[in-house]
Amino acid sequence: MSSKPYKIWFNGQFVSWDQAQVHVLTHTLHYGLAVFEGIRAYKCDDSRSAVFRLQDHIDRLYASAHIAEIKIPFTKEQALEATLELLQINELVEAYIRPIAYIGGGKIGLHPGDNPIELVIAAYPWGTYLGEGALSKGITAKISSFTRMGVNSFMTKAKITGNYANSVKAKLEATSIGFDEAILLDNEGYVAEGTGENIFIVRRGILKTPPLTSVLEGITRDTVLKIAKDEGIEVEAERFTRDELYIADEAFFTGTAAEITPIREVDGRLIGTGQPGPVTKKLQSRFFNIVEGRDQKFIDWLEFFDTASPLKVKNESL
Ligand code: PMP
């Protein structure tokens, strides 16, 4: 990982980017049991930025940890405060934030015993996830040959690192043959989600998204459902098939990294006109108004922080 001029919050202390290292015998590195989050902060004006739905992301981190039986040795309040402090210390006005709670070194057998649980939070600038033009023109996707993991083997309500081996393989498969993203089907062959995104279609004026069985309970998914309700758009959380996706009028991905990304083509078939449709554009524009603090109705989703007066590190370990 190339060096960056940002501090990382490491178990309660701010350390330099290069110092935030783990040992090769870290339990999580071998068995893939850690829980993490992806969060974004947006610039609202010249003196303020805001983290979008920070409390909901922290709640999901601790819910994932509860499912994974990882006891995070910090409270939710401490994690929330640490995130805001980290952004200010790094003088970040827009950022992607990555908290991770993992099982540290000690016993290397499968049973983690009393190995320490480490909590780390990193933050750094990160632009459009799916490439330039993705938000305005849309992206191409391929139905993956990989299946979304069965709900009793991988618990999809939890953002567990090991679950993402499946996503990484699907992503590599799709991109290696020229697609931007993969869409995974569930065990029964219904559309589930992208590698790191929930999926929506619009057909005959109805907005549809798969129910929360084999997909992550996306915070952007929930945001879109609430915006749609507010806009009077009819919504169904219902399973749909890949061919229904092919004949949808519009389709888009949602995710903290992907934001609201139109899907213009799936498996070589244009979706609708092949241009982002009116419902997608309306939801996308409302979404950016909300996250950038221009929409009073959903202002409670924003955790504002001051960007005009930088903070200094108090408990630095260098
Ligand atoms: N599904 C998966 C598998 C994901 O990794 C993500 C990203 N966290 C999402 C959906 C979207 O979730 P959110 O909107 O909370 O980022």
Side-chain angles (χ1 to χ4, degrees), residues 1-40 51 54-90 92 95-124 126 149 153-169 195-196 216-217 256-257 313-318:
M1 185 96 202
S2 61
S3 184
K4 291 195 197 310
Y6 302 112
K7 303 245 183 293
I8 290 181
W9 189 92
F10 206 111
N11 275 329
Q13 299 214 300
F14 290 99
V15 302
S16 70
W17 187 272
D18 295 337
Q19 261 194 324
Q21 307 276 358
V22 297
H23 193 272
V24 289
L25 293 179
T26 299
H27 192 276
T28 290
L29 185 61
H30 295 253
Y31 307 120
L33 190 65
V35 295
F36 71 108
E37 269 305 312
I39 313 173
R40 270 192 196 263
V51 185
L54 178 56
Q55 186 66 57
D56 293 318
H57 281 282
I58 299 282
D59 287 348
R60 188 171 66 185
L61 179 70
Y62 281 73
S64 296
H66 181 72
I67 291 170
E69 297 185 283
I70 286 178
K71 288 195 175 41
I72 301 178
F74 294 92
T75 63
K76 284 186 183 181
E77 292 70 28
Q78 284 172 314
L80 192 142
E81 281 312 312
T83 304
L84 294 172
E85 220 183 318
L86 179 71
L87 292 165
Q88 288 177 286
I89 278 168
N90 285 324
L92 287 160
Y96 182 75
I97 304 154
R98 169 53 60 86
I100 181 165
Y102 62 90
I103 306 170
K107 294 195 180 65
I108 200 59
L110 280 175
H111 196 300
D114 54 7
N115 288 17
I117 304 299
E118 323 276 2
L119 178 65
V120 177
I121 310 172
Y124 44 90
W126 201 24
M149 312 80 65
S153 333
F154 291 89
M155 294 171 283
T156 54
K157 293 279 177 298
K159 227 174 136 55
I160 292 176
T161 52
N163 292 357
Y164 284 80
N166 175 260
S167 284
V168 172
K169 293 318 295 174
T195 59
L216 185 75
E217 215 169 298
T256 299
V313 178
K314 277 178 278 177
N315 57 346
E316 191 167 21
S317 133
L318 285 173

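Small disclaimer: the values here were computed from a predicted structure and weren't measured.
When atom types are taken as modelled, the side chain of H30 and the backbone of L110 share no donor-acceptor pair closer than 3.5 angstrom. With H27 contributing its side chain and G109 its backbone, the two residues share a donor-acceptor pair below 3.5 Å.
Taking CD1 from I39 and CG from L54, the interatomic distance works out to 5.5 Å, rounded to the nearest 0.5 Å. The line from CG of L92 to CH2 of W126 is 14.5 Å long, rounded to the nearest 0.5 Å. We find the OG-CG distance between S64 and L216 to be 7.5 Å, quoted to the nearest 0.5 Å. With rounding to the nearest 0.5 Å, the separation of CZ in F14 from CD1 in I121 is 8.0 Å. Note that NZ of K7 is 8.5 Å distant from CD1 of I89, once rounded to the nearest 0.5 Å. The CG atom of L119 sits 6.0 Å away from the CZ atom of F74 when rounded to the nearest 0.5 Å.
In terms of heavy-atom proximity, L86 sits nearest to A122 at CD2-C, 3.8 Å. In terms of heavy-atom proximity, Q19 sits nearest to V15 at OE1-CB, 3.5 Å. Of all heavy-atom pairs between W17 and K4, the closest is CB-O, 3.1 Å. Across G38 and Y96, no two heavy atoms sit closer than the pair CA-OH, 3.1 Å. The shortest non-hydrogen separation linking A20 to I8 is CB-CD1, 3.8 Å.
Residue pairs satisfying the side chain to side chain donor-acceptor pair (under 3.5 Å) criterion with at least one member in residues 159-169, sequence neighbours excluded, are listed as follows: R148-N166, R148-S167, K159-Y164. Within the structure, the salt bridge (Lys or Arg N to Asp or Glu O under 4.0 Å) test picks out no pair touching residues 12-31 (sequence neighbours left out). Applying the salt bridge (Lys or Arg N to Asp or Glu O under 4.0 Å) test to pairs two or more places apart or on separate chains, those with a residue in residues 20-37 are E37-R60. Annotation: salt bridge (Lys or Arg N to Asp or Glu O under 4.0 Å) contacts involving residues 110-121, sequence neighbours excluded, comprise K107-D114.
In this structure, H57 and T256 have side chains that are in contact, with non-hydrogen atoms separated by less than 4.5 Å. For the pair I160 and F154, the minimum side-chain heavy-atom distance is 4.5 Å or more. No side-chain heavy atom of Y124 sits less than 4.5 Å from a side-chain heavy atom of N90. Side-chain contact between I103 and Y31 is absent, with no heavy-atom pair separated by less than 4.5 Å.
Looking at residues two or more places apart in sequence or on another chain, you find a side-chain contact (heavy atoms from CB on, under 4.5 Å) between K157 and I67, L212, E217. With sequence neighbours left out, the salt bridge (Lys or Arg N to Asp or Glu O under 4.0 Å) criterion links K76 to D59.
The local environment of NE2 in H66 is sparse, with at most 12 non-hydrogen atoms from other residues, nucleotides or ligands closer than 6.0 Å.
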### Query
Does the pair L61 and I72 meet the rule for a side-chain contact (heavy atoms from CB on, under 4.5 Å), with working shown?
CA-CA 10 Å; L61 179 70; I72 301 178; 4.2 Å; yes
